[in-house]
Amino acid sequence: MSVYAKNIPEIFGSMVFSDKVMREKLPRDTYKALKKTIEKGSLLTTEVANAVAAAMKEWALEKGATHFTHWFQPLTGITAEKHDSFIEQSNGSVIMEFTGKALIQGEPDASSFPSGGLRATFEARGYTTWDPSSYAFIKEKTLYIPTAFCSYSGQVLDKKTPLLRSMEALERQVLRILALFGSVEGVSVKTTVGAEQEYFLIDKSMYEKRKDLRMCGRTLFGAKPPKGQELEDHYFGSIKTRVKNFMEDLNQELWKLGIATKTEHNEVAPGQHELAPIFTTTNIACDHNQLTMEMMKKVAARHDLVCLLHEKPFAGVNGSGKHNNWSISSSANGNLFEPGDSPEKNAQFLLFLSAVIKAVDNYADLLRVSVSTASNDHRLGASEAPPAIVSIFLGTELTAILESIENGNCYDKKCESVMDIGVSVLPHFPKDNTDRNRTSPFAFTGNKFEFRMVGSSLSIADANIVINTIVAEELSKFADILEKTDDLNAAITEIVRTTYKNHKRIIFNGDGYSAEWQEEAERRNLCNFKTAYEAIPRFKDEKNIALFTKHMIFTKEEIESRCEVMLENYIKTINIEALTMLDMVKKDILPAAAAYVGDLTDNVLKKKTLGIGTCEYESSLISKLSGLSDLLYRKSGELDLLLIEARSIEQTEAKAQYYGKTIFEKMCEIRMAADEIESLTASKYWPYPVYSDILFSV
Ligand code: ADP
Ligand code: MG
């Protein structure tokens with residue numbers, strides 16, 4: 001065992017102001033008061049806050065920190081921070097100071113964060129408020145304090161606040177259901193998440209030579225390389241030393257921060273990898289995923305690599321996603337999606353399962369909204385996992401069980417009587433390992449659900465806000481019925497039966513890539529938004545506003561503003577890509593083709609003077625390249641005009657549609673012409689590293 005390996009238990013969480021550290025560093029009463037705040041959300045007194053801040057400061061100074069920052073998650077989807085040193089002046093010298101007030105509240109200038117019109121610049125003040133349920137940590141000599149972010153007038157401007165609210169909303173409803181089965185005194189309920197993160201690693205020198213990668217995070221051009229992923233030799237292949245070194249370094253950094261990364265492997269595309277942590281409470285999982293993404297980029301740089309988190313950095317090979325594994329856990333019962341072996345567990349399990357089925361069917365649009373960005377559109381619906389159609393995979397066994405409950409008959413030939421919910425034990429069904437369907441966007445995988453539509457670069461907050469809230473809603477409807485019944489088992493049976501009957505259209509266990517599924521899904525009238533600009537406005541549909549306001553996650557104004565931010569982001573992303581494209585075409589690609597054609601022409605002239613050969617090779621290339629260059633030049637001019645036209649569109653939805661359709665289509669035409677030019681141009685003239693250089697650079 002290496003020294004490094006021996007030290008892992010010591011390294012793990014060493015930079016986290018964890019429960020263990022709190023217990024050691026805080027006076028007993030302070031610790032107890034803080035625990036109450038963490039678990040029950042009770043308010044902290046100034047005294048307790050001061051004591052916690054003092055202990056945090058001592059601990060941070062011991063670890064070499066000089067600064068602290070409130071760390072928050074604005075609507076940009078990434079994190080924000082503003083560092084302050086602990087230094088205060090006192091009687092002509094400096095002391096290191098950190099008060100309870102500075103711990104609890106910060107006031108960053110909020111004027112430049114997206115608010116979707118919620119906050120006028122004259123009231124630009126924003127507040128960050130400590131989230132004690134996610135531990136503070138030290139990174140780069142700075143004490144990071146996870147916080148929520150809202151405007152002066154109290155409107156939510158971040159992703160953490162609604163996520164915490166959605167967890168509370170779900171807890172309220174789950175407790176109502178659990179209360180039907182027994183006492184819930186002192187029971188707490190949390191959702192848990194494990195986010196599998198996909199990414200690409202490429203050599204830094206390649207990245208630096210590509211304007212598109214630097215500006216947009218993805219290649220806007222690139223002819224198909226002779227070898228892509230067709231040999232399937234990269235998936236789970238042996239990990240190259242340079243990549244292994246990166247992973248080792250990354251793990252070290254993440255372990256210090258208490259992030260339990262566990263699994264790592266090569267993914268399908270060349271240069272593509274995946275990292276999965278052990279699951280944890282949702283808001284912590286979300287903070288951890290943000291840190292993981294940030295660390296991936298930083299650590300890659302140390303190895304002269306660049307980590308690409310874009311959903312589709314390269315056309316023609318797989319894109320990157322993030323599998324959001326989600327479950328509900330109660331302090332008394334453990335994982336609520338673990339099919340149990342007692343009649344009571346069986347009834348509970350089927351009830352929770354039914355809530356998810358109903359939620360996903362009723363709010364499929366919101367799930368799609370939660371993963372809608374310009375970058376993720378390249379993945380969803382582009383015949384790779386998963387399609388844009390929202391459906392649930394349950395596996396054949398579980399589907400058969402629900403089917404038999406609907407029809408009131410036997411689940412398999414062996415059973416002697418009809419399964420009676422709440423009386424009989426759930427028939428044992430194996431985890432559907434054989435047909436563990438990789439194409440389903442929302443798959444039940446034994447004791448949790450895996451939502452696979454999340455893009456690799458996205459915050460997992462949005463998806464989990466939606467999942468928690470829609471499941472809370474369906475559970476609340478179930479609880480309304482069940483709290484009034486005299487015959488619990490009969491009422492549960494009826495709920496499970498009617499839910500399956502009315503919502504089974506959402507269940508699909510087959511191949512999500514197939515053309516038949518597209519047709520079948522249309523017959524079933526399932527949600528299938530191919531683009532983000534079609535999906536995002538559905539966020540503010542009446543039924544969705546009713547949902548979020550009922551559970552106190554968002555106000556109507558907050559939903560409208562979030563819609564606006566998402567659409568603006570969509571527009572800006574495509575606009576930057578279009579401008580980068582034009583820049584590359586005009587400054588690099590057309591001049592490269594012209595230089596090559598120029599040299600070929602010179603050759604022809606020289607050869608002709610000497611009367612050598614027919615010059616068929618040169619002549620045909622010259623005419624092909626000249627034709628393509630003219631085409632590319634013309635198309636670029638057209639894109640220029642479309643971009644000018646776009647400026648006059650005022651309404652955000654219309655503008656997003658214009659970008660998603662008209663501008664994007666023109667960009668595809670430009671790419672096609674440019675890629676053909678690339679395939680005809682001699683290497684030494686081509687201004688950029690090509691796909692085979694980049695994809696196999698590490
Ligand atoms: P896969 O075959 O898709 O890699 P795994 O069983 O390895 O599936 O799990 C993938 C992720 O799911 C891991 O991050 C794991 O910690 C997480 N996970 C497992 N159980 C739960 C749960 N109860 N709640 C949330 N996430 C979970
Ligand atoms: Mg997975």
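Fair warning: this is a prediction, and the values are worked out from it, not measured in the lab. Both counts, for ligands and for their atoms, begin at 1 and track the order of listing.
Counting only non-hydrogen atoms, the option in Trp326, Phe449, Phe279, Phe337 that gets closest to atom 22 (C) of ligand 1 is Phe279. Considering only non-hydrogen atoms, atom 17 (C) of ligand 1 lies nearest to Asn325 out of Asn325, Leu336, Asn447.
Contact check on Arg524 versus Glu520 returns a salt bridge, with a Lys/Arg side-chain nitrogen under 4.0 Å from an Asp/Glu carboxylate oxygen. Between Arg562 and Asp462 there is no salt bridge, since no side-chain N of the basic residue sits under 4.0 Å from a carboxylate O of the acidic one. Under 4.0 Å is where a charged nitrogen must lie from a carboxylate oxygen, and between Lys190 and Glu171 no such pair does.
Residue-level proximity to ligand 1 for Glu196 is carried by the side chain, the only part with a heavy atom below 4.0 angstrom. Contacts between Lys262 and ligand 1 below 4.0 angstrom, taking non-hydrogen atoms only, are absent altogether.
Interface of Ile278 with ligand 1, defined as ligand atoms under 4.0 Å from a residue heavy atom, comprises 16 (O). Within ligand 1, the atoms closer than 4.0 Å to a non-hydrogen atom of Asn335 are 23 (N), numbered from 1 in the order shown. Within the listing of ligand 1, atoms 14 (O), 25 (C), 26 (N) sit less than 4.0 angstrom from a heavy atom of Gly194.
Rounding to the nearest 0.5 angstrom, the gap separating the CG atom in Asn251 from the CD1 atom in Ile8 is 8.0 Å.
Ligand 1 has no nitrogen or oxygen under 3.5 angstrom from a nitrogen or oxygen of Glu274. Below 3.5 Å of separation, one finds an N or O of Pro277 facing an N or O of ligand 1.
No hydrogens or angles considered: a donor-acceptor pair under 3.5 Å links the side chains of Ser320 and Gln272.
For Thr191, the side chain to side chain donor-acceptor pair (under 3.5 Å) test picks out Thr282, with sequence neighbours left out.
Ring planes of Phe444 and Phe349: tilted class, angle from 30 to 60°.
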